[in-house]
Amino acid sequence: HESLRYRLTHSSSAVMFGSGFRGQKLRVNLKLAINRFKHLEKKKTENAVKARKEIAEYLSQAKIERAKIRVEHIIREDYLVEAMEIVEMYCDLILARFGLIETMKTCDEGLQEAVGTLIWVTPRLSTDVAELRIISEQFALKYGKPFAEMCRANKNGVVNEKVVERLGVKAPPRSLVENYLMAIGKTHGIDYDADPTAFEDGLAPMLDENPQVKIPLEDFHLSQPPPPSYPSGRPETTYNNPPPALAPYPTSQPGMPQPQNKPTSAFPPGPNGSHHTTNI
């Protein structure tokens, strides 16, 4: 009975002081989360390509309002994919620096943004990535519930700002919607006249590098100059200032030992300098 009471007392105190943390469990779920993020990103990207074709049909049928509503959905999906890529990168970072988590009692300064972002996105992404719940629980056991609560509410300001923006509920700007429509129409050979009043927020139409969102290159390839073509394949590399030719390696210098002619036979030469063979 005394030994049982001892184990119960120490197990409860261990959980109280954060010793219930299991590093192997955290490591496994981080790897599972990375694989799930990769699968979701690929799936959502493929769906976005199909949705762009559907929007092109709306534009060809002059169903502009339906096309705009559909584009807003695509923009939100692109935002979500971008946020997932950042969270996936943080999972990789934590795995690369896992030794700091196992050896330090407090969260290392170089990992605070990654850990805080993972805790913050858990209630927003755990429906698609269930491993985030276990990851957040392990961080709460490791660093304490007060730290986890501060990260969950972003009171300590460590959560990645772009992730907060991309997972926000604010509607995308009208100028961005028009940019998407123009790009999709240009890709599918459909003339679309954008609403000029939509660009009053300062975002110019058809930017090569859109500061609001990363639009896939297939939506802008017609606005870019075609790559140069060469009749005989890839040209040889040329230099404006060719490097000077290397000086030949000196084969004979005063005082340099000269190579000696060695006999080709494995037997020593005879008296007259000729090689002979021995009959066995």
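In this chain, numbering begins with 1 at the start of the sequence shown.
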Which is it for Val121 and Tyr90 under the side-chain contact (heavy atoms from CB on, under 4.5 Å) test, yes or no, and what are the steps along the way?
CA-CA 12 Å; Val121 301; Tyr90 282 152; over 6 Å; no

Walk me through it: do Arg52 and Asp78 pass the test salt bridge (Lys or Arg N to Asp or Glu O under 4.0 Å)?
CA-CA 12 Å; Arg52 281 170 168 79; Asp78 286 349; 3.4 Å; yes

Check step by step if salt bridge (Lys or Arg N to Asp or Glu O under 4.0 Å) holds for Lys170 and Glu165.
CA-CA 9 Å; Lys170 186 179 179 180; Glu165 178 186 352; over 6 Å; no

Could you walk me through whether Asn47 and Glu77 pass side-chain contact (heavy atoms from CB on, under 4.5 Å), step by step?
CA-CA 9 Å; Asn47 291 339; Glu77 288 294 296; over 6 Å; no

Checking side-chain contact (heavy atoms from CB on, under 4.5 Å) for the pair Phe98/Leu26: CA distance, chi angles, key distance, verdict?
CA-CA 10 Å; Phe98 205 80; Leu26 175 60; 3.7 Å; yes

Do Cys107 and Tyr143 pass the side-chain contact (heavy atoms from CB on, under 4.5 Å) test, and can you show the C-alpha distance, the side-chain angles, and the key distance before you say yes or no?
CA-CA 7 Å; Cys107 187; Tyr143 301 120; 3.8 Å; yes

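The two residues Val159 and Asn154 have their closest heavy-atom pair at CG2-OD1, 3.2 Å. Summarising the geometry of Gly168 relative to Arg76, their closest heavy-atom pair is O-NH1, 4.0 Å, with the distance given to 0.1 Å. Residues Cys151 and Gly116 approach most closely at SG-CA, 3.7 Å, considering heavy atoms. Closest non-hydrogen pair, Trp120 versus Val164, comes out as CH2-CA, 3.7 Å. When all heavy atoms of Ala194 and Met182 are compared, the closest pair comes out as CB-SD, 3.5 Å.
Hydrophobic clustering of Ile, Leu, Val, Met, Phe, Trp and Tyr side chains at less than 4.5 Å, counting indirect connections, keeps Tyr180 apart from Ile69. Hydrophobic clustering of Ile, Leu, Val, Met, Phe, Trp and Tyr side chains at less than 4.5 Å, counting indirect connections, keeps Leu118 apart from Ile134. No path of Ile, Leu, Val, Met, Phe, Trp and Tyr side chains, each step under 4.5 Å between heavy atoms, connects Val81 with Phe37, placing them in separate hydrophobic clusters. The hydrophobic cluster containing Leu132 also contains Leu93, counting ILVMFWY residues as joined when their side-chain heavy atoms lie under 4.5 angstrom apart, directly or transitively. Linking Ile, Leu, Val, Met, Phe, Trp and Tyr whenever their side-chain heavy atoms come within less than 4.5 Å puts Met89 and Ile119 in one cluster.
Evaluated for a salt bridge (Lys or Arg N to Asp or Glu O under 4.0 Å) with Glu102, the options Arg27, Lys142, Arg97 yield exactly one hit, Arg27. Between Tyr58 and the options Arg70, Lys63, Glu65, Arg66, a side chain to side chain donor-acceptor pair (under 3.5 Å) holds for only Arg66. The only member of Leu167, Leu40, Val163 that meets side chain to side chain contact (heavy atoms under 4.5 Å, CB included) when paired with Met84 is Leu40.
Counting only heavy atoms from C-beta outward, the side chains of Ile86 and Thr117 never approach each other to under 4.5 Å. When side chains are defined from C-beta on, Asn29 counts as touching Lys25, because their heavy atoms get closer than 4.5 Å. Between Glu41 and Glu88 the shortest side-chain heavy-atom distance falls below 4.5 Å. Residues Thr106 and Phe147 have side chains not in contact (no heavy-atom distance under 4.5 Å, counting atoms from C-beta outward). Using a 4.5 Å heavy-atom cutoff, the side chains of Thr122 and Ile135 are not in contact. Using a 4.5 Å heavy-atom cutoff, the side chains of Val115 and Asp108 are not in contact.
Between Asn160 and Glu113, the side chains place a donor N or O and an acceptor N or O closer than 3.5 Å (distance only, hydrogens not considered). Defined by atom type and a distance below 3.5 Å, a donor-acceptor pair is present between the side-chain atoms of Tyr192 and Glu178.
In this structure, Leu59 CG and Lys186 NZ are separated by 13.5 Å, a value rounded to the nearest 0.5 Å. To the nearest 0.5 Å, atoms CG (Leu181) and CD1 (Ile64) are separated by 7.5 Å. If you take CD on Glu54 and CD1 on Ile74, they are separated by 8.0 Å, rounding to the nearest 0.5 Å. We find the CG-CG distance between Leu80 and Leu125 to be 6.5 Å, quoted to the nearest 0.5 Å. Atoms CD and CZ, from Glu82 and Arg166 in turn, are 4.0 Å apart once rounded to the nearest 0.5 Å. One distance of note links CG of Leu95 with CD1 of Ile101; it measures 8.0 Å at 0.5 Å rounding.
Heavy atoms from other residues, nucleotides or ligands lying under 6.0 Å from CD of Glu161 number 12 at most. More than 12 heavy atoms of other shown residues, nucleotides or ligands fall within 6.0 angstrom of atom CD in Gln61.
Residues Glu149 and Arg152 are paired through a salt bridge, judged by an N-O separation under 4.0 Å between the basic side chain and the carboxylate.
Using modelled atom types, one side-chain atom of Gln138 and one backbone atom of Arg22 make a donor-acceptor pair closer than 3.5 Å.
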